K.L.:
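A single structure is presented below for examination.
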Amino acid sequence: MLDIKKIRNNTDDVLKALSKKDNDISLNDILDLDSKLKSLTTKLNELQAEQNSKSKEVGQLKSKGESSDDIFKDLKVLSEKIKAFEKEQKELSSALKKALLEIPNIPHSSCPEGVNEKDNIVVSENKNTRDFNFPLKDHIELGEKLDILDFEVAAKMSGSGFPLYKGNGALLERALINFMTDYHLKNFDYTEFFTPFLVKPESALTTGQLPKFSEDMYHIEKDDLYLIPTAEVSLTNIHKDDILSSNELPKYYLGYSACFRREAGSYGKDTRGLLRVHQFNKVELVKFVEPTKSYEELDSLVNQASNILDLLELDYRVIELCSGDLSFAAAKCFDLEVWSPGEEKWLEVSSCSNFEDFQSRRGNIRFKNSNGEIDFVHTLNGSGLATPRIFAALLETHQNEDGSVRIPQCLQPFMGISEIK
RNA sequence: GGAGGCAUGGCAGAGCGGUUGAAUGCACUGGUCUUGAAAACCAGCAAGGGUGCAAGCCCUUCAGAGGUUCGAAUCCUCUUGCCUCCGCCA
C-alpha cells in the first residue's frame, strides 16, 4: 500500500513511477476521496470537540447538583449531526482504503525500464558446464524410467498438476527441502518456522495476494481460509500489527511450506511434468529490515539463494526484472533461473524481492528506531528455493547415458546414496 | 460440536455511564548522586489523524463490529481470540 500522503503531495512523481509498471493507473478517485475525507474529518473534529467540552460541563453541573437542561438541548442536536458525519466518514475511509489496496508498488529507480520479460536484464549466467555426448532425456522420461515420479496416479486422485513422488523420488524431494533448510540455518542467521498452510484473508492482504489476485489461490469457502501460495504469506504475517524495536532488526525468517497455486489462466503453458504444478514445496526466506538497509539485504538474499544452486551443481542465471515485469507488491526483484537441458529452457526457481514498505503498510508492521520514532519496516523475501523445477533440472543435468542420475555431493548426506538408478 | 469464564498501554493490573487516554507496579529512557556500576531519588514514557516553523492545541482508539444514551473502557447484541470442563479425534 502506498502512503496516501505521498500520493497527495507528490502526485505527478507517483503517477510517473507507477506508469513504469502499469500504464493504466489513475489516482483521480483516490485523490478525490482523500480530499473529501479530509474536509469532512476537519468538520467532524470541530463538532466532536464541542460535544466533548459540553459533555464535560454536564458532568460538572451534575456533580454540583445543578440543572443542565439547556446544554442538553444543544447536545441532542450535536449528537445527531455527529452520527451522520461519522457514518459518512466511515464510508469514505473504507472506499479510500479499498482503492489504495488496488494500487501496485512503485518500482525502485534502479529497475531497468521495460514492458515485459523481454526487457529483463541478465545479470550473470553460467551454462553448459557439462558436455553431454549422448541423447538427453527430459525429467519426465527419467522420472518414469527410474520409477520416482508418477503423474498419472497423481492425476487419478487429484487431477492434473499434482506431482506424486515415489521411492527415491520422495527421498530426493525431502532431501532437497532438508538440505536447503539446513544450509540457510547453518550459514546465515535465520530462525526456522513451520507455519500454518491456511490463512485468513487479511493475511493474504498483507502480502498483496488479496484483493486483486484471489483467483490465483485456493479458497476454503466454508471457513473463509486461503491455502498459502507461498510461506511468504504466513512468515510475513508473524509480525502483523507489531512494533519491533530497532535492536531486534534485522529479523531473518525461514520456513518450509507446501505451496498451492491455482495457476488459473495458465492452461496449456508448461503443462508437462514438474514445470508448473498446483502444489509444490518451497523453502522461503523472509527478512524484516530497517529501510536504509533493504537494498544491501536484497543483494545478500540473492546470494544466499544462488549458493544453493552452486552446491547442487546446476547451471543458472540471475535476472534483474524490468519495471513492467515486476509483481504487484515488489519494488525491485531478481529472479534465479535454472537451466533445464531436457527442455532446453531456463526455469524460474526463485524470485527475490524487496517490497520496501508496501507490505508493512498493509500489515501494519513497524519498528521504533533509536530516536524513538516509529516507521514501517522494509520486508523482503526470496525462495530459497522451490523444489519442482530444481528436481527436474537436477535429473536432467546429472543424468547419465544409461538413465541413472548422479546425486550431487551436498545431497548425499540427506539421502544416503550417491546415485538414483 | 456442547457448557462456562476472560479480553484495558511493552508486561502485570485498577477502573461508580459524566474534567479517564485511562490509577498503581514492573520494564524502558533521561537526569541527580557515584571513580564506575548498583541502589535511591527526580522526570519522561501508547498509537493514528488534523493543525502549526515550533512549543502546543484538537480529534479518534480500552479485542473487532453494531446498538442503547445528550454522554460508554464501564450497559446490551453479534463476531473473533484465549482459558476451563464435556464429547469426538491424528
Side-chain angles (χ1 to χ4, degrees), chain A residues 1-9 30-101 194-206 210 220-226 234 237-249 251 258 288 357-377:
Chain A
M1 192 163 65
L2 300 184
D3 185 2
I4 182 65
K5 285 188 216 154
K6 194 168 175 181
I7 294 178
R8 189 191 296 150
N9 300 328
I30 285 176
L31 289 167
D32 187 45
L33 285 167
D34 177 53
S35 75
K36 277 186 187 152
L37 178 63
K38 220 175 135 185
S39 66
L40 182 83
T41 303
T42 308
K43 276 187 263 174
L44 176 62
N45 284 356
E46 284 166 14
L47 294 175
Q48 283 167 327
E50 192 181 344
Q51 184 183 46
N52 287 342
S53 73
K54 287 197 165 148
S55 288
K56 267 179 196 169
E57 249 181 90
V58 171
Q60 285 165 4
L61 289 172
K62 235 179 185 155
S63 67
K64 286 188 236 162
E66 290 173 24
S67 153
S68 48
D69 291 359
D70 321 344
I71 305 178
F72 255 44
K73 261 187 231 156
D74 292 355
L75 276 172
K76 196 136 196 172
V77 178
L78 258 182
S79 170
E80 294 300 319
K81 257 197 222 170
I82 286 173
K83 268 176 196 157
F85 273 71
E86 277 175 343
K87 192 176 168 222
E88 201 181 333
Q89 186 192 43
K90 226 165 246 179
E91 285 164 5
L92 279 174
S93 77
S94 76
L96 176 61
K97 171 123 200 238
K98 196 171 165 230
L100 277 174
L101 288 171
F194 209 119
T195 72
F197 291 176
L198 289 164
V199 296
K200 297 183 199 174
E202 65 203 67
S203 302
L205 193 105
T206 299
L210 289 180
I220 314 287
E221 210 167 317
K222 194 163 186 178
D223 300 291
D224 196 17
L225 292 169
Y226 289 87
S234 37
N237 277 283
I238 288 171
H239 288 301
K240 183 167 158 54
D241 291 323
D242 281 351
I243 300 179
L244 305 164
S245 62
S246 61
N247 59 27
E248 48 184 333
L249 294 178
K251 278 182 178 291
F288 302 85
D357 61 359
F358 189 81
Q359 294 181 326
S360 61
R361 283 181 184 280
R362 293 174 156 244
N364 200 28
I365 306 170
R366 296 171 294 173
F367 78 107
K368 192 177 261 188
N369 68 25
S370 43
N371 295 326
E373 293 154 340
I374 288 171
D375 196 5
F376 291 97
V377 300

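All chains are named by letter (A, B, ...) in the order of the sequence lines, taking the proteins before the strands, and each is independently numbered beginning at 1. Treat the numbers as computed from the prediction; the structure is a model and nothing was measured.
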K.L.:
What's the CD-P distance between A/Glu373 and B/A47, to the nearest Å?
P.N.:
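In whole Å, B/A47 P lies 11 Å from A/Glu373 CD.
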
K.L.:
What's touching nucleotides 77-82 of chain B from the protein side, N or O pairs under 3.5 Å?
P.N.:
none

K.L.:
Between A/Arg366 (CZ) and B/A47 (P), how many Å, whole number?
P.N.:
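Rounded to whole Å, this separation is 8 Å.
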
K.L.:
Expressed as a whole number of angstroms, how long is the span from A/Asn364:CG to B/A47:C1'?
P.N.:
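Computing the A/Asn364:CG to B/A47:C1' distance gives 9 Å.
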
K.L.:
B/A55 and B/U19: how far apart are their C1' atoms, nearest whole angstrom?
P.N.:
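The answer is 24 Å between these two C1' atoms.
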
K.L.:
What protein N or O atoms touch nucleotides 66-75 of chain B N or O atoms at under 3.5 angstrom, if any, and at what distances?
P.N.:
unit_1 : atom_1 : unit_2  : atom_2 : d
B/G66  : OP1    : A/Lys90 : NZ     : 3.1
B/C70  : OP1    : A/Lys76 : NZ     : 3.1
B/C70  : O3'    : A/Ser79 : OG     : 3.1
B/G71  : OP1    : A/Ser79 : OG     : 2.9

K.L.:
Please find the pair of heavy atoms, one from A/Phe288 and one from A/Val377, that lie closest to each other, and give the distance.
P.N.:
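Distance-wise, the nearest heavy atoms are CD2-CG2, 4.3 Å.
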
K.L.:
Using atom P of each nucleotide, how far apart are B/C11 and B/A46 to the nearest Å?
P.N.:
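The same atom, P, in both gives a distance of 14 Å.
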
K.L.:
Less than 4.0 angstrom between a side-chain N/O of A/Asn52 and OP1 or OP2 of B/U60, yes or no?
P.N.:
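For B/U60, OP1 or OP2 has a side-chain N or O of A/Asn52 closer than 4.0 Å.
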
K.L.:
Would you say A/Arg8 places a side-chain N or O within less than 4.0 Å of OP1 or OP2 belonging to B/G50?
P.N.:
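Answer is yes, contact under 4.0 Å.
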
K.L.:
Which whole number of Å gives the distance between the C1' atom of B/A22 and that of B/U61?
P.N.:
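Comparing C1' positions in B/A22 and B/U61 gives a spacing of 12 Å.
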
K.L.:
Rounded to the nearest 0.5 Å, what separation is found between the NZ atom of A/Lys81 and the NZ atom of A/Lys43?
P.N.:
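So the gap between those two atoms works out to 10.5 Å.
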
K.L.:
How many Å lie between CG on A/Asp375 and P on B/A47, as a whole number?
P.N.:
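It is 13 Å, rounded to the nearest whole Å.
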
K.L.:
For atom C1', what is the distance between B/C45 and B/A23, given to the nearest Å?
P.N.:
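Here B/C45 and B/A23 have their C1' atoms 16 Å from each other.
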
K.L.:
Need one value for A/Lys54: base, sugar-phosphate or nothing, where a base atom within 4.0 Å counts as base even if backbone is also close, heavy atoms only.
P.N.:
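No contact.
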
K.L.:
To the nearest Å, how far apart are A/Leu92 CG and B/G50 C1'?
P.N.:
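Distance check: A/Leu92 CG to B/G50 C1' gives 16 Å.
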
K.L.:
Using a strict cut-off of less than 4.0 Å between a Lys/Arg side-chain nitrogen and an Asp/Glu carboxylate oxygen, indicate whether A/Glu80 and A/Lys76 qualify as a salt bridge.
P.N.:
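Looking at A/Glu80 and A/Lys76, the cut-off is not met.
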
K.L.:
Please report the closest heavy-atom contact between A/Ser203 and A/Asn237, naming both atoms and the distance.
P.N.:
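Shortest heavy-atom contact: O-ND2, 2.8 Å.
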
K.L.:
Report yes or no: does A/Ser94 contribute a side-chain atom to a donor-acceptor pair with the main-chain N or O of A/Glu91 at less than 3.5 Å?
P.N.:
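Yes; judged by distance alone, with no hydrogens or angles, the pair exists.
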
K.L.:
Between A/Asp224 and A/Lys200, is the side-chain contact (heavy atoms from CB on, under 4.5 Å) condition met? List the steps.
P.N.:
CA-CA 7 Å; A/Asp224 196 17; A/Lys200 297 183 199 174; over 6 Å; no

K.L.:
Which is more 5' along RNA chain B, the nucleotide nearest A/Lys38 or the one nearest A/Ile243? Just name the residue.
P.N.:
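First, find each residue's nearest nucleotide; the 5'-ward one identifies A/Ile243.
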
K.L.:
Provide the distance between the two C1' atoms, one in B/U8 and one in B/G81, to the nearest whole Å.
P.N.:
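The same atom, C1', in both gives a distance of 15 Å.
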
K.L.:
Short question: side chain of A/Arg366, backbone of A/Leu244 - any donor-acceptor pair under 3.5 Å?
P.N.:
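Not at all, since once roles are kept as given, no pair shorter than 3.5 Å links the two residues.
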
K.L.:
Quick one, A/Glu50 with A/Lys54, criterion salt bridge (charged side-chain N to carboxylate O under 4.0 Å, His left out). Give me CA distance, side-chain angles, the key distance, then yes/no.
P.N.:
CA-CA 6 Å; A/Glu50 192 181 344; A/Lys54 287 197 165 148; 3.2 Å; yes

K.L.:
Heavy atoms only: give me the nearest A/Leu2-A/Leu100 pair and the separation to one decimal.
P.N.:
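Nearest pair, atom of A/Leu2 first, then A/Leu100: O-CD2, 4.2 Å.
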
K.L.:
Output the pairing pattern of RNA chain B as a dot-bracket string, 5' first, Watson-Crick or G-U wobble with both distances under 3.5 Å, | for cross-strand pairs, [ ] for crossing pairs.
P.N.:
(((((((..(((.....[.....))).(((((.......))))).((((((....)))))).(((((..]....))))))))))))....

K.L.:
Check the distance between B/A46's P and A/Leu244's CG and give it to me in whole angstrom.
P.N.:
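Rounded to the whole Å, the gap is 19 Å.
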
K.L.:
What are the two closest non-hydrogen atoms of A/Asp34 and A/Arg8, and how far apart are they?
P.N.:
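Scanning both residues completely, I find the closest heavy atoms to be OD2-NE, 2.7 Å.
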
K.L.:
With a non-hydrogen cut-off below 4.0 angstrom, is A/Leu44 in contact with a base, only sugar-phosphate, or nothing?
P.N.:
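Since no nucleic acid heavy atom lies under 4.0 Å of A/Leu44, the category is nothing.
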
K.L.:
Using atom C1' of each nucleotide, how far apart are B/A14 and B/A7 to the nearest Å?
P.N.:
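One C1' to the other, the span is 15 Å.
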
K.L.:
Rounding to a whole Å, what distance do you find between A/Lys43:NZ and B/G50:P?
P.N.:
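My rounded result for the distance is 17 Å.
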
K.L.:
Given atom CD of A/Glu57 and atom C1' of B/U19, what is their separation to the nearest angstrom?
P.N.:
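My rounded result for the distance is 11 Å.
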
K.L.:
Is it the case that the side chain of A/Thr41 and the backbone of A/Leu37 share a donor-acceptor pair, with hydrogens and angles ignored and the cut-off at 3.5 Å?
P.N.:
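Looks like yes, one N/O pair under 3.5 Å.
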
K.L.:
Between A/Asn45 and B/G49, is there a contact of a side-chain N or O with OP1 or OP2 at under 4.0 Å?
P.N.:
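No, outside the criterion.
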
K.L.:
State plainly whether the residues A/Arg361 and A/Asp3 are in salt-bridge range, i.e. N to O under 4.0 Å.
P.N.:
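Yes, charged N to carboxylate O under 4.0 Å.
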
K.L.:
Of the listed nucleotides (B/G48, B/C59, B/G50), which one gets closest to any side-chain atom of A/Thr42?
P.N.:
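That would be B/G50.
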
K.L.:
Within the distance-only criterion (no hydrogens, no angle test), does the side chain of A/Ser234 pair as donor or acceptor with the backbone N or O of A/Thr195 below 3.5 angstrom?
P.N.:
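A pair under 3.5 Å: no.
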
K.L.:
Could you measure between the two P atoms, the one in B/U77 and the one in B/C59, and give it in whole Å?
P.N.:
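Rounded to whole Å, the distance is 31 Å.
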
K.L.:
Rounding to an integer number of angstrom, what distance separates B/G9 and B/A73 when you compare their P atoms?
P.N.:
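Straight-line distance between the two P atoms is 15 Å.
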
K.L.:
Touch check for A/Lys5, heavy atoms < 4.0 angstrom, all strands: base, sugar-phosphate only, or nothing?
P.N.:
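Since only primed, P, OP1 and OP2 atoms lie under 4.0 Å of A/Lys5, the category is sugar-phosphate.
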
